[in-house]
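Some notes on the structure that comes next.
Not measured: the values here are computed from a predicted model. Whatever order the structure lists ligands and atoms in, that order sets their numbers, starting from 1.
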Amino acid sequence: MNDKIKTLKEEIAKNIQEVKDEVNLNVLKAKYLSKKGEIGELSSYLKELPYEEKKSFGMMLNELKQEVTNLFEEKKKNIEEAILNKKLASENIDITLPATKIELGKPNILEKLIEEIESVLMSMGYDVVDGPEIEEDKFNFEMLNIPKGHPARDAQDTFYVKDEEYLLRSQTSPVQVRTMLQANGDKPIRMICPGKTYRRDDDDATHSHQFMQIEGLVVDKDISLSDLKGTIDIVVKKLFGESIETRFRPSYYQFTEPSVEVDISCFNCKGKGCNICKQTGWITVAGAGIVHPNVLRNGGYDPNVWSGFAFGFGAERLAMLKYDIKDCRTFYNNDLRENKIFDREEPTND
Ligand code: DAH
């Protein structure tokens, strides 16, 4: 019996040595080590052996199984190693080849401009706040002095969600009242809120169903139009250059009284008249005004004690002017060729 085991062991070792791949190795493994394999069959002899021999034969069998299992494992490792080595040899990396150039992304110009305005105003003590894009009719219109049925709603038709009470905000002005309500009517406020806004407009070079506004609100005591003018002046000088002048024209918004239209002197022709300023020498960049007493009241502020100013810039308009972009759809286009505009140099002011 001993001899039989010895010969079997030699045979297995020899066969394993000859195997070249994993598939054949597995076939071989099944041949010897599976339940019905040759080693398994040897176990059936156990029954027939006299008691004294059973023990030593059993031990020999176990030893054989262990040894053979090890042989198989070792061979498997060898095969895997050989595959890997072959792969490594064939995939030699030529480090002298020039690397493929990976293009670096650039921040969207709109984003850059918003950050620039944020940083000017933050340096003046303003907080940057956020508001929901899905807004309630109450905040987008009613609290801003624009009741249901008011004609001013026509120009701000938007997308309604669920029912008439929820909409995609048509302006960032609702954040004014939201901020006031959070401040409990007893603290001064200085905030800006840049964010997406929506209107039911057909997209063209100067209109988009989605665009961005930058809202500003200050509430404090004894606030006047000159505070507003001084603040806006600083922002536009920072954006367009120190020589830029600001002027206010009377206007009408439901949530400010008085209301103004903010014009800046044309940075292109310096006021002489050109295509950008439509020969007027001035460019309109924002709506603004002194916060209407009703709006202060809706925000929980007593208009006899507090006063404030508000302004709203159109971010696309500012960026189009600053970077000489002719079509506002460019900001949202995924075409990398068009996005080359984002590589545009910072215009030199003055
Ligand atoms: N929300 C106005 C609009 O979308 C812009 C605006 C005008 C905002 C006057 C203001 C403001 O805060 O005071 O047309």
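The shortest heavy-atom contact between Asp327 and Asp204 is OD1-O, 4.0 Å.
Cation-pi geometry between Arg200 and Phe159 is not met at under 6.0 angstrom from the ring centre and within 45 degrees of the axis.
Under the 30°/60° scheme for interplanar angles, the aromatic rings of Phe240 and Phe267 are found to lie parallel.
For the residue pair Tyr198 / Glu135, no side-chain donor-acceptor distance below 3.5 Å is found, with atom types taken as modelled.
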May I have the list of side-chain donor-acceptor pairs in residues 84-92 shorter than 3.5 Å, sequence neighbours left out?
{"unit_1": "Asn85", "atom_1": "ND2", "unit_2": "Glu81", "atom_2": "O", "d": "3.4"}
{"unit_1": "Ser90", "atom_1": "OG", "unit_2": "Lys87", "atom_2": "O", "d": "3.0"}

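Evaluated for a side-chain hydrogen bond (donor to acceptor under 3.5 Å, both in side chains) with Ser170, the options Asn140, Thr158, Thr197 yield exactly one hit, Asn140.
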Sub-3.5 Å pairs, protein N or O with ligand 1 N or O:
{"unit_1": "ligand 1", "atom_1": "1 (N)", "unit_2": "Gln171", "atom_2": "OE1", "d": "2.7"}
{"unit_1": "ligand 1", "atom_1": "1 (N)", "unit_2": "Ser173", "atom_2": "OG", "d": "2.9"}
{"unit_1": "ligand 1", "atom_1": "4 (O)", "unit_2": "Arg199", "atom_2": "NH2", "d": "2.8"}
{"unit_1": "ligand 1", "atom_1": "4 (O)", "unit_2": "Gln213", "atom_2": "NE2", "d": "2.8"}
{"unit_1": "ligand 1", "atom_1": "12 (O)", "unit_2": "Gln176", "atom_2": "NE2", "d": "3.1"}
{"unit_1": "ligand 1", "atom_1": "12 (O)", "unit_2": "Glu215", "atom_2": "OE2", "d": "2.6"}
{"unit_1": "ligand 1", "atom_1": "12 (O)", "unit_2": "Phe311", "atom_2": "N", "d": "3.4"}
{"unit_1": "ligand 1", "atom_1": "12 (O)", "unit_2": "Phe311", "atom_2": "O", "d": "3.3"}
{"unit_1": "ligand 1", "atom_1": "13 (O)", "unit_2": "Ala310", "atom_2": "O", "d": "3.2"}

